[in-house]
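Counting begins at 1 with the first residue of the sequence. Numbering of ligands and ligand atoms starts at 1, following listing order.
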Amino acid sequence: MSAERARLEELALAAIAAARETAELARVEREFLGKEGAVGKLLASIRDVPPDERKAFGHGANELKRAIETALAARRAMLERERLAAERSAEDFDPSLPARALAHGSLHPLTHVVRRLEEIFSSMGYAILDGPEVELDYYNFEALNIPKDHPAREMHDTFWCDREQKLLLRTHTSPVQLRALERMRPPFRAIVPGRCFRNETTDASHEHTFHQMEGLVVGEDITVGHLIGTMKTFLREVFRRELEVRLRPGYFPFVEPGFELDVRCPFCERGCSVCKRSTWIELCPCGMVHPKVLRYGGVDPERYTGFAFGLGLSRLVMLRYGIDDIRLLMGADVRFLEQF
Ligand code: PHE
């Protein structure tokens with residue numbers, strides 16, 4: 001045995017020392033240590049060894065295997081060092097070349113805008129709330145003063161999860177108004193950025209998944225004046241200057257009175273494509289929280305009043321970055337996302 005072992009070791013070490021390339025080393029490795037390799041065959045021949053010599057035989061074969069592995073690793077490292085050295089001394093090697101840049105991701109434009117808005121509103125004392133995207137009919141409609149058969153339901157093309165259980169994908173962030181009223185004691189202020197869903201045919205300005213940011217302020221003597229002041233302050237923070245706003249009447253069952261709030265176009269003076277030549281941009285629906293909604297939320301409307309607004313985040317992002325197709329926002333196209 002020891003003669004055969006010595007012979008194999010000598011052969012292997014010679015082949016390894018002679019190898020000039022890693023591919024050649026791989027071949028030597030297969031030849032000796034592979035499944036059908038010489039060392040394997042040696043080990044298999046243990047059957048023909050008398051029982052009292054088998055232990056020593058196995059031990060020797062394993063030693064042989066380890067010796068070959070060690071030589072292979074050493075030779076491999078050496079070849080690699082040689083290769084690097086050759087590369088460095090080659091004439092076209094330029095150590096001053098900048099490294100290849102690492103590819104890294106970027107924040108979604110929506111994330112940028114939401115973070116900025118959260119910053120602004122928390123500096124005004126607002127809490128940032130969250131609510132479920134799979135919502136109960138009760139919160140999405142019923143307690144927002146939109147009972148069954150109310151025509152306002154038709155404007156919310158709803159994805160139903162389960163009609164029996166009255167589960168749906170929330171069609172707006174307003175259900176969190178009620179969840180906030182139930183949980184927080186007035187006075188309080190809160191914003192709720194989040195995803196909403198509507199079963200709509202998609203086009204450049206409609207998407208089945210979009211983003212809103214609800215605002216809710218409840219306290220004693222909260223008035224429309226506070227609503228206007230809040231929106232002006234927020235716009236001043238975003239656009240870094242004073243912008244005129246105006247209210248038009250708007251109808252939403254959960255606010256009374258309800259408004260559409262417009263802002264003077266920040267991009268032009270005499271009309272442009274963004275404001276469709278009108279110099280006004282529709283910013284958000286809003287209004288004074290309906291007494292019924294307060295009552296549903298367990299808050300006494302005789303004592304407290306409040307205002308609410310529903311900023312269309314998707315629209316705001318599009319305005320901010322000049323994006324003309326809402327489908328890009330949820331489209332997950334890296335070529336689009338890389339730009340932010
Ligand atoms: N939730 C309403 C919608 O999506 C918008 C809204 C919010 C209106 C808050 C008034 C107050 O249609």
Check: Just which atoms of ligand 1 are under 4.0 Å from any heavy atom in G310?
Finding: 7 (C), 9 (C)

Check: Under a heavy-atom criterion of less than 4.0 Å, does C286 contact ligand 1?
Finding: yes

Check: So, N140 versus T171: side-chain donor-acceptor pair below 3.5 Å or not?
Finding: yes

Next item on the list: Go through the side-chain N and O atoms of S174 and E214 and say whether any donor and acceptor fall under 3.5 Å apart.
Entry: yes

Next item on the list: For atom 4 (O) of ligand 1, find the nearest protein heavy atom and state the residue, atom name and distance (0.1 Å precision).
Entry: Q212 NE2, 2.8 Å

Check: In terms of side-chain geometry, is the basic nitrogen of E31 or R27 positioned less than 4.0 Å from the acidic oxygen of its partner?
Finding: yes

Check: Atoms of ligand 1 less than 4.0 Å from E214 heavy atoms?
Finding: 7 (C), 9 (C)

Notebook entry, point to check: Judging by distance only, is a nitrogen or oxygen of Q177 under 3.5 angstrom from one on ligand 1?
Noted result: no

Item checked: ligand 1 contact by F259, heavy-atom criterion under 4.0 angstrom -> no

Item checked: Contact check, side chains of L169 and E133, non-hydrogen atoms, under 4.5 Å -> no

Item checked: R179 NZ/CZ over Y139 ring centroid, <6.0 Å and within 45° of normal -> yes

Check: What protein heavy atom is closest to atom 12 (O) of ligand 1, reported as residue, atom name and distance in Å?
Finding: R198 NH2, 3.7 Å

Check: Should the proximity of M155 to ligand 1, defined as any heavy atom under 4.0 Å, be assigned to the side chain, the backbone, both, or neither?
Finding: neither

Margin query: If you measure every N or O of H172 against every N or O of ligand 1, does any of those distances drop under 3.5 Å?
Written below: yes

Item checked: Residue pair T279 / R264, side-chain donor-acceptor N/O under 3.5 Å -> yes

Margin query: Could you tell me, atom by atom, which parts of ligand 1 come under 4.0 Å of a heavy atom of A308?
Written below: 11 (C)

Note to self: Students should be able to answer this: which protein heavy-atom is nearest to atom 5 (C) of ligand 1, and at what distance?
What the structure shows: P285 CG, 3.5 Å

Note to self: Given 3.5 Å as the limit, does a donor-acceptor pair link the side chain of R241 with the main chain of P266, or not?
What the structure shows: yes

Margin query: Using a 4.0 Å heavy-atom cut-off, which part of F254 comes near ligand 1: side chain, backbone, both, or neither?
Written below: side chain

Checklist line | Electrostatic pair K148-E142, nearest N-O below 4.0 angstrom | finding: yes

